[in-house]
Amino acid sequence: LRPRDFDGVAVTITAGPTREALDPVRFLSNHSSGKMGFALAAAARARGARVRLVAGPVALDTPVGIERIDVESAEQMLESVLAGPGDLFIGCAAVADYRPGLPAAEKIKKQEARITLELERNPDILAAVAGLAQRPFAVGFAAETQDLVVNARNKLRNKHLDLIAANLVGERAEGRGFNSDYNALHVIWEGGDDALPLMRKSELAHRLLDRVRARMPNGEKV
Ligand code: C5P
């Protein structure tokens with residue numbers, strides 16, 4: 001039996017990829033499945049939280065009792081998040097770092113052998129939330145191919161987060177991460193860390209929430 005230790009806590013979670021339009025029919029995106037974010041939403045709900053799930057395009061059913069807001073681009077995701085960042089914000093989405101500067105109004109035609117794509121930096125949603133005057137407890141994810149803990153600790157500081165969950169991606173991360181039902185996380189905060197071994201994302205979500213609950217002031221803003 002899970003404790004109702006998030007009773008009355010407003011939790012906002014981002015999940016999945018974003019799509020950045022090139023023209024009316026094409027986009028830049030990534031392979032994020034949204035599974036970790038959706039697992040976190042279901043776990044938080046089961047523990048009594050009111051959950052807003054801001055989701056990029058994913059092929060997942062909405063967990064029962066959750067408010068789901070579907071978005072496409074990083075800019076839309078930012079807008080939806082800022083409309084209700086909650087008491088606890090978990091940035092689980094694989095937000096595209098760049099977007100085409102000015103999407104073409106019409107479908108881009110085949111022409112020359114080589115064309116150039118200009119990209120602009122997208123806003124950092126997590127850093128924006130962590131920088132709010134009335135900031136929620138801010139949790140981030142860090143997908144790294146190497147130096148997991150060092151890189152994640154840098155992100156924790158640079159983005160002013162309360163906690164970060166780091167996971168390996170790429171060649172050394174077989175059977176976990178993007179699209180898998182399994183993952184392992186190294187949870188890091190100022191002054192401590194904890195390695196959560198490979199397990200189902202549904203179980204991992206609860207283990208991560210255990211860590212959040214232990215670090216988060218009781219329902220108050222921090
Ligand atoms: O810096 P990096 O992209 O590796 O940080 C990953 C963390 O930041 C994740 O929690 C992700 O959801 C969040 N992020 C964001 N907006 C971006 C890029 C990343 O919220 N534009």
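Computed from a predicted structure; not experimentally measured.
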Tell me the closest heavy-atom pair linking T14 and G91, and the distance in Å. OG1-CA, 3.4 Å
For the hydrophobic clusters of this structure (ILVMFWY residues joined by side-chain heavy atoms under 4.5 Å, transitively), does one cluster hold both Y98 and L126? no
A side-chain contact here means heavy atoms from C-beta on lying under 4.5 Å apart; do L78 and V95 qualify? no
Could you pull out all residues at least two apart from R4 that satisfy side chain to side chain contact (heavy atoms under 4.5 Å, CB included)? D7
Output, in order, the C-alpha distance, side-chain angles, deciding distance and verdict of salt bridge (charged side-chain N to carboxylate O under 4.0 Å, His left out) for D162 and R215. CA-CA 8 Å; D162 296 292; R215 309 281 319 155; over 6 Å; no
Is any side-chain heavy atom of N30 closer than 4.5 Å to one of P17? yes
Quickly, which of I13, V129, V51, T12 forms a side-chain contact (heavy atoms from CB on, under 4.5 Å) with I90? Name it, please. I13
Hydrophobic cluster membership, L119 vs M77, 4.5 Å side-chain cutoff: no
For D97, what residues pass the side chain to side chain contact (heavy atoms under 4.5 Å, CB included) criterion, not counting sequence neighbours? none
What I'd like to find out is whether the side chain of V11 reaches to under 4.5 Å of the side chain of R50, using heavy atoms alone. no
Listed partners of L22 passing side chain to side chain contact (heavy atoms under 4.5 Å, CB included), at least two apart: R26, L28, P100, L117
Going by distance alone, is a donor N or O of one side chain under 3.5 Å from an acceptor N or O of the other, for R47 and H206? yes
Side-chain donor-acceptor distances from residues 65-74 under 3.5 Å, at least two apart:
| from | atom 1 | to | atom 2 | distance (Å) |
| --- | --- | --- | --- | --- |
| R68 | NE | D70 | OD1 | 2.9 |
| R68 | NH1 | L60 | O | 2.9 |
| R68 | NH1 | T62 | OG1 | 3.1 |
| R68 | NH2 | D70 | OD1 | 3.2 |
| S73 | OG | Q76 | N | 3.1 |

So, do R211 and D194 sit near enough that their side-chain heavy atoms are less than 4.5 Å apart? yes
Are R213 and F6 in a cation-pi contact, defined as NZ or CZ under 6.0 Å from the six-membered ring centre and within 45° of the axis? yes
Min side-chain heavy-atom separation F38-V58 under 4.5 Å: yes
Are side-chain N/O atoms of H186 and D193 paired as donor and acceptor at under 3.5 Å? yes
Closest contact, heavy atoms only, L40 versus C92: CD1-SG, 4.1 Å
Given side chains that start at C-beta, do those of L208 and F141 come closer than 4.5 Å, heavy atoms only? yes
L156 vs E190 side-chain heavy atoms within contact, under 4.5 Å: yes
Determine which pairs satisfy salt bridge (Lys or Arg N to Asp or Glu O under 4.0 Å) with at least one residue from residues 109-122, sequence neighbours left out, and list them in order. R99-E120
Partners meeting side chain to side chain contact (heavy atoms under 4.5 Å, CB included) with V64 (sequence neighbours left out): none
Between M36 and L204, is there a side-chain heavy-atom distance shorter than 4.5 Å? yes
